[in-house]
Novice: 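Dropping a structure here in structure tokens format, bear with me for questions.
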Protein chains: 4
Amino acid sequence: MFVFRIDSHSGVPPYLQLVQQVRQGVLLGFLKEGDRLPLIREVAETVAINPNTVAKAYRQLEQEGLVTGRPGQGTFVNETPAAPVSPATYTSLQRGLETWLGRARAAGLDEQAISALFTAALNQARNENIA
Amino acid sequence: MFVFRIDSHSGVPPYLQLVQQVRQGVLLGFLKEGDRLPLIREVAETVAINPNTVAKAYRQLEQEGLVTGRPGQGTFVNETPAAPVSPATYTSLQRGLETWLGRARAAGLDEQAISALFTAALNQARNENIA
Amino acid sequence: MFVFRIDSHSGVPPYLQLVQQVRQGVLLGFLKEGDRLPLIREVAETVAINPNTVAKAYRQLEQEGLVTGRPGQGTFVNETPAAPVSPATYTSLQRGLETWLGRARAAGLDEQAISALFTAALNQARNENIA
Amino acid sequence: MFVFRIDSHSGVPPYLQLVQQVRQGVLLGFLKEGDRLPLIREVAETVAINPNTVAKAYRQLEQEGLVTGRPGQGTFVNETPAAPVSPATYTSLQRGLETWLGRARAAGLDEQAISALFTAALNQARNENIA
DNA sequence: GTGGTCTAGACCACA
DNA sequence: GTGGTCTAGACCACT
């Protein structure tokens, strides 16, 4: 089952967080064609937001073509646009990241510092590509 | 020189992005006590937003006690609350992350997929800690 | 100035009627790049619906890339995807349609009958193309 | 045989589309007194919607007095309220519209643009009548 | 004062 | 009972 998570301190509107999580879920293979997303009312309960807000997120996903809402049945994932990488290299990358995270935590960095380090590295890489 | 970067697709309000970037800069040592932040009108020009928005970000940073605005001179970073890790381990972690990023890009992942992978790993780690 | 019109008997949701009217306006050249759509609150007043409903329509148009909302300024039409026909043939077609409409009205057909005739002809043409 | 057609992109509820098509069919003489509408399960199959939805449409048509359902036999069209125009002028109008449609298609307009042009002309005519 | 988001609660179309 | 739409009214970010 797919689980949503809302970070109310990030500044990102809740409905957008839901949208991004589904997009990422599809991108990483957690969500595949035909999978049913949690019911709107379920999500509203579990993450404690208004059903309309969840509906707004699902509507946007539908407009993006990622999912299709079928009244009376639920909301379902459409055909995924093809896996970007093979599962093998994917798991390898995942494991590499986990060991790195372990090192970072062992060194005493909290989640905020880790995120900061990551985005900084990502930005730097981008700048180098531009240069 | 400290450089700001606005991602208009992230959904995070621009003023908050500025605030978060300064916080991260201080956390990671890019900004040290006494450093001067770019002038409001400079930032407004380079990232193409309204000067009032930049001013709002600086005002909030001042309220948080991270910086101090000196009229006519600019905005300066206050004493940093102590580095969380030694510069050595910090550089080591940074390098580890860079090699991982290199592998990910070589495997064909774009920035979106990399971010998705990272947040997924971070969430998983958090869940394991809770469990 | 662009004027909206809501037909509450058509069964089409009001927000969709607004969306379709903007799309048609762009398609037919009534709305060009840089034009400002009526303010949300104006539309809400003139067609007597809730501002949120108008906002919903504008949001969808923005997601489709047809317009861009600029807080504090209004909502503006983006670059139009190129005129489908030359203005000359367009006016010619328009005039032909007007004379036909004149004949139909003179014959005693009301608006409903005219619409019925039109959609029937359109459907027939489509079927012939398929066959 | 009367054929239904559902446009799932129009925003009009499917059951209303069926109702409108029957109304138009009667108005234009495609359906005459005593004609049998397609069976509910036939319609449900051909246009791929739930039989309940078709039943709802037929029920509403019966409430409007346009048709009468005879259990076990089917649904039949009642006496038509008199033809609004003579068959001759009707065919003439139909042919005029067909030639116009041919010109429009030849000019490169797709169905969407044609519809836009038509509704625009209809609206303009209405406005002139009001003025 | 502009658009953008959220909440609360109602009603409808559909399976 | 599911998703889809509308209303009413509040607060926020940006110009």
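Throughout, a chain's letter reflects where its sequence line sits, starting with A, and its residues are numbered from 1.
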Novice: Starting at atom CD of C:Q60, determine the distance to atom C1' of E:dG3, rounded to an integer number of angstrom.
Specialist: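 Going from CD in C:Q60 over to C1' in E:dG3 covers 17 Å.
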
Novice: Could you state the CG-P distance from D:N52 to E:dC12, rounded to the nearest angstrom?
Specialist: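 The distance from CG of D:N52 to P of E:dC12 comes to 18 Å, rounded to the nearest Å.
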
Novice: Hey, does C:P14 reach any base, or is it just sugar-phosphate, or nothing, if we go heavy atoms under 4.0 Å?
Specialist: sugar-phosphate

Novice: Quickly work out the C:Y58 OH to E:dT5 P distance and round it to whole Å.
Specialist: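 So the OH-P distance, C:Y58 to E:dT5, works out to 16 Å.
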
Novice: Give the minimum heavy-atom separation between C:Q20 and D:S10, together with the two atoms involved.
Specialist: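 Minimum heavy-atom separation between C:Q20 and D:S10: NE2-O, 3.4 Å.
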
Novice: Nearest-nucleotide wise, let me know which of B:V12 and C:P51 is further upstream toward the 5' end of DNA chain F.
Specialist: C:P51

Novice: Send over the distance from A:K56 NZ to E:dA8 C1', rounded to a whole Å.
Specialist: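 Rounded to whole Å, this separation is 15 Å.
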
Novice: Taking CG from C:L18 and P from E:dG3, how many angstroms apart are they, rounded to a whole number?
Specialist: 14 Å

Novice: Within the distance-only criterion (no hydrogens, no angle test), does the side chain of D:D35 pair as donor or acceptor with the backbone N or O of D:V77 below 3.5 angstrom?
Specialist: no

Novice: Taking CG from A:N50 and P from F:dC6, how many angstroms apart are they, rounded to a whole number?
Specialist: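 To the nearest whole Å, that distance equals 17 Å.
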
Novice: Pairing check on E:dC14: which nucleotide meets the Watson-Crick or G-U wobble criteria with it, both distances under 3.5 Å?
Specialist: F:dG1

Novice: Mind calculating the distance between CG (A:L37) and C1' (F:dG4) to the nearest angstrom?
Specialist: 16 Å

Novice: Is the phosphate of E:dG3 approached by C:R41 (side-chain N or O, under 4.0 Å from OP1 or OP2)?
Specialist: yes

Novice: Is a side-chain donor or acceptor of C:E62 paired with a backbone partner of C:G69 at a separation under 3.5 angstrom?
Specialist: yes

Novice: Please determine whether a side-chain nitrogen or oxygen atom of C:Y15 lies at a distance below 4.0 Å from atom OP1 or OP2 of F:dT5.
Specialist: yes

Novice: Would you mind reading off the distance between B:I6 atom CD1 and F:dA13 atom P, rounded to a whole angstrom?
Specialist: 14 Å

Novice: From the set F:dC14, E:dT5, E:dT7, return the single nucleotide nearest to any side-chain atom of C:P71.
Specialist: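 Selected nucleotide: F:dC14.
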
Novice: Where each residue is assigned the nucleotide of DNA chain F containing its nearest heavy atom, which of A:E42 and C:Q73 is assigned the position nearer the 5′ end?
Specialist: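 Looking at the nearest nucleotide for each, A:E42 comes out on the 5' side.
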
Novice: Between B:T53 and F:dT15, is there a contact of a side-chain N or O with OP1 or OP2 at under 4.0 Å?
Specialist: yes

Novice: Nearest-nucleotide wise, let me know which of A:G72 and C:E62 is further upstream toward the 5' end of DNA chain E.
Specialist: C:E62

Novice: For B:L16, answer base if it contacts any base atom (sugar-phosphate contacts may also be present), sugar-phosphate if it contacts only those atoms, and nothing otherwise; contact means non-hydrogen atoms under 4.0 Å.
Specialist: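 Counting heavy atoms under 4.0 Å across all strands, no contact is made by B:L16.
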
Novice: Using modelled atom types only, decide if a donor and an acceptor are shared between the side chain of A:Q17 and the backbone of A:D7 within a distance under 3.5 Å.
Specialist: yes

Novice: Closest heavy-atom contact between B:R23 and B:L16?
Specialist: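 So the two residues come closest at NH2-CD2, 4.4 Å.
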
